[in-house]
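Everything on this sheet refers to the single structure shown next.
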Amino acid sequence: MRNTFCKSERLNSKLIIDKLFAGGNSSFTVFPLRVVYMKTEKTVSGNGQTIPASILISVPKKRFHHAVDRNRVKRLVRESYRLNKSILWEALEDKDYGVTLAFVCMTDTLPDFKHLEKCVVKILRRVAEKC
RNA sequence: GCAGUCGGACGGUUUGUCGCUGGCACACUUUUAUGGGGGUGCGAGAGGAAAGUCCGGGCAGCGCAGGGCAUCCCACUUCCUAAUAUAGAAGGAGUCCGCAAGGGUUGAGUAAUGCAGAAGAAAACAACCGCAUGAAUAAGUUGCAAACCUCGGUUUGCUUCUUUUUGUGUAAGGGUGAGAAGGUGAGGUAAGAGCUCACCAGCGAUGUGGCGACACUAUCGGCUGUGCAUCUUGGGAGCUGCAAGUUCAUGUAAACUACCGCCAUCAGGGUAGCCCGCCCGACAGUUCGGUAGAGGGUAGAACGCUUAAGCCAUGAGGUGACUCAUUGGAUUGGAUAAAUGACAGACCAUUCUUCGGAAUGACAGAACCCGGCUUAUAGUUCGACUGCUUUC
RNA sequence: GGUGCCUUGGAUGAGUGGCUUAGUCACCGGUCUGCAAAACCGCUUACACCCGUUCGAAUCGGGUAGGCACCU
């Protein structure tokens with residue numbers, strides 16, 4: 001399995017985002033990230049591949065004032081998801097629904113990659129268990 | 001050598017693996033078709049400030065017969081740029097700071113009107129103290145004369161000075177203030193005063209130089225307080241901003257347009273603050289009911305969207321900003337819950353070092369596009385210049 | 001991306017060029033009380049920062065920093 005991250009894996013629909021944050025969805029925190037997730041239908045990308053999970057990364061302006069730092073955190077989270085998404089995908093392979101995830105950054109200081117990757121792996125395992 | 005001023009350039013390099021965005025080529029798939037989709041290969045992918053949004057322009061939509069007033073903005077000069085006297089740059093001018101190289105800053109006009117805390121007699125009208133002089137009467141006083149007597153004084157008249165009251169003159173003085181009728185000296189006067197004169201500072205006129213701001217010296221004019229506001233003069237300004245706006249698919253609202261009907265009321269209504277003017281006029285507007293039309297907003301997709309008032313070199317013109325060229329050359333960021341990344345290694349800088357090595361990599365991330373300004377910025381580097389010191 | 005606004009004692013908040021600033025609440029200290037509450041009295045370096053205009057700036061102008069709202 002290739003560790004890609006194409007456009008249809010990103011969450012960009014305003015309606016789904018509103019639904020995700022409206023309440024009633026499960027969430028938990030593995031410092032420095034908070035995760036909100038929701039069951040949805042699986043989407044099919046242009047080449048016929050089914051995409052079981054789509055994600056969103058949010059870094060609040062209050063915690064990181066400069067755009068450089070916000071971009072850096074988003075890229076780190078995205079990269080660690082890309083390298084480890086197989087955990088979630090294999091768990092959802094034989095299910096008939098998909099999952100939508102939102103990562104929210106909770107820390108004030110810039111995290112380093114190895115730390116964040118461990119954190120993301122932990123989160124993905126927990127989501128895979130619960131679904 | 002030390003201290004300093006101004007201006008410019010760069011702002012980590014590179015290899016591998018795994019990804020993202022868009023470009024080109026190739027074949028594939030899907031669709032009636034334009035087209036859409038992923039795959040493989042090739043080469044590309046943040047800045048000097050991308051930032052602040054302090055200015056200006058392009059571009060886009062809406063509005064708009066015309067004129068005046070009001071409102072707001074601008075204000076040393078010449079010149080440059082798309083930017084009209086506005087944002088800025090260059091050459092100058094005035095003024096302030098610095099020994100200097102240099103740096104900061106800006107004056108439209110003052111005819112009229114108003115205001116100026118505290119302090120001060122007074123903030124420019126006057127009044128007051130003071131000075132000078134006239135008068136008055138009262139008191140004191142100097143001198144002279146006359147009369148009287150106890151011969152030393154008393155009384156009366158004139159007179160000198162002082163005090164008091166009052167009229168007139170008074171831009172000296174009143175030492176407070178940011179500012180006190182330009183300053184110093186002499187003459188002059190009852191006392192004083194540009195009242196007169198000499199020198200000095202400023203202003204106005206004439207002259208000379210300069211495109212001009214302005215400068216200069218000479219002559220003439222006694223013309224001379226500071227700040228703010230009103231005011232006056234000249235010039236400029238329609239509003240909103242790519243979340244502008246255009247197109248597609250979906251669908252029709254209590255909003256819009258046209259027509260019809262009914263009821264009541266006003267004489268006017270529109271022209272984006274007011275007036276003139278212009279337009280409409282018993283139409284329009286308001287309330288209710290009906291019919292028809294056209295279609296807003298939200299969510300989605302596409303366009304706008306990147307080759308340009310652009311950049312580099314050469315030549316010519318100009319002190320310079322900059323401009324010109326039948327000149328030559330290179331142009332590949334275009335995202336949209338938002339790409340330009342992550343990891344590992346080598347090198348390069350800086351710091352620490354037990355000399356093995358270790359740590360760190362400034363400020364900061366395009367959001368329609370340009371030009372300027374401002375602010376942040378580790379480190380490296382180039383050029384021009386100034387002052388002081390030393391040596392030759 | 002664009003547009004508009006705000007910043008004054010610890011908190012709130014008045015002050016449109018003239019005595020480093022009105023009031024309210026809170027804190028602390030004092031008076032009062034056997035002790036407290038209430039009441040009364042007192043108290044708090046720089047008006048966010050820098051520069052300019054002015055004789056004089058919280059106030060006027062320019063810049064910087066921080067914060068808020070709207071286009072939603």
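So you know, we letter chains A, B, ... as the sequences are listed, proteins then strands, and number each from 1.
Separating the OH atom in A:Tyr81 from the CG atom in A:Leu116 is a distance of 15.5 Å, to the nearest 0.5 Å. Here the straight-line distance linking atom NE2 of A:His115 with atom OG of A:Ser80 works out to 12.0 Å at 0.5 Å rounding. Note that the CZ atom of A:Arg78 and the CG atom of A:Asn71 stand 9.0 Å from one another [nearest 0.5 Å].
We find that CZ of A:Arg10 is positioned 12 Å from P of B:rA335, with the value rounded to whole Å. Here the C1' atom of nucleotide B:rC20 and the CD1 atom of A:Ile57 are 12 Å apart, to the nearest Å. In this structure, A:Asn84 atom CG and B:rG19 atom P are separated by 14 Å, rounded to whole Å. Nucleotide B:rG341 holds its C1' atom 16 Å from the CG atom of A:Asp112, rounded to whole Å. In this structure, A:Tyr81 places its OH atom 20 Å from P of B:rC343, rounding to the nearest Å. Separating the CZ atom of A:Arg78 from the C1' atom of B:rC18 is a distance of 13 Å, rounded to the nearest angstrom. Taking atom CG of residue A:Asn71 and atom P of nucleotide B:rU336, one finds them 14 Å apart after rounding to whole Å.
Distance from the side chain of A:Glu79 is smallest to B:rC18 among B:rC18, B:rG365, B:rU340.
Of all nucleotides present, only B:rG293 satisfies the Watson-Crick or G-U wobble test against B:rC256, with each distance under 3.5 Å. Of the nucleotides present, none pairs with B:rU298 by Watson-Crick or G-U wobble criteria with both distances under 3.5 Å. Nucleotide B:rC343 forms a Watson-Crick or G-U wobble pair with B:rG16, both donor-acceptor distances falling under 3.5 Å. B:rA145: Watson-Crick or G-U partner is B:rU156, with both key distances under 3.5 Å. Partner assigned to B:rG379 is B:rC10, using Watson-Crick or G-U wobble distances below 3.5 angstrom. The partner of B:rA284 is absent, by the rule that a Watson-Crick or G-U pair needs both atom distances under 3.5 Å. Pair check for B:rA338 finds none; no Watson-Crick or G-U wobble contact set falls under 3.5 Å. Here B:rA127 sits opposite no nucleotide as a Watson-Crick or G-U wobble pair (both hydrogen-bonding atom distances under 3.5 Å).
Distance noted for atom P between B:rG297 and B:rU247: 11 Å (whole Å). For C:rA11 and C:rC50, the C1' atoms lie 28 Å apart once the distance is rounded to whole Å.
Look at B:rG120: its glycosidic torsion is beyond 90° from 0, and that puts it in the anti range. Glycosidic conformation, C:rU45: syn, with the torsion inside 90° of 0. C:rA37 adopts an anti glycosidic conformation, its chi angle falling more than 90° from 0. Annotated as anti: B:rA253, whose glycosidic dihedral deviates from 0 by more than 90°. Base orientation for B:rU306: syn, the chi torsion being within 90° of 0.
Looking at heavy-atom distances under 4.0 Å, A:Arg70 makes no contact with the nucleic acid at all.
On a pure distance criterion of 3.5 Å, a polar donor-acceptor pair joins the side chain of A:Arg82 and the base of B:rC18.
When the nearest nucleotides of RNA chain B are assigned to A:His66 and A:Ile55 by heavy-atom distance, the more 5′-ward of the two goes with A:Ile55. Between A:Asp69 and A:Leu83, the residue anchored nearer the 5' end of RNA chain B, judged by the nucleotide with its closest heavy atom, is A:Leu83.
Nearest heavy atom pair, residue A:Ala128 against residue A:Ile87, reads CB-O, 4.3 Å. Across every non-hydrogen atom of A:Leu124 and A:Asn84, the tightest pair is CD1-O, 3.3 Å.
By the neighbour-count criterion of 12 heavy atoms within 6.0 Å, atom NZ of A:Lys118 is sparsely surrounded, having that number or fewer from other residues, nucleotides or ligands.
Side-chain nitrogen and oxygen atoms of A:Lys114 include at least one within less than 4.0 Å of the OP1 or OP2 phosphate oxygen of B:rA344. OP1 and OP2 of B:rU21 both lie 4.0 Å or more from every side-chain N or O belonging to A:Arg75.
Between A:Lys114 and A:Glu117, no side-chain nitrogen of the basic residue sits less than 4.0 Å from a carboxylate oxygen of the acidic one, so the salt-bridge criterion is not met.
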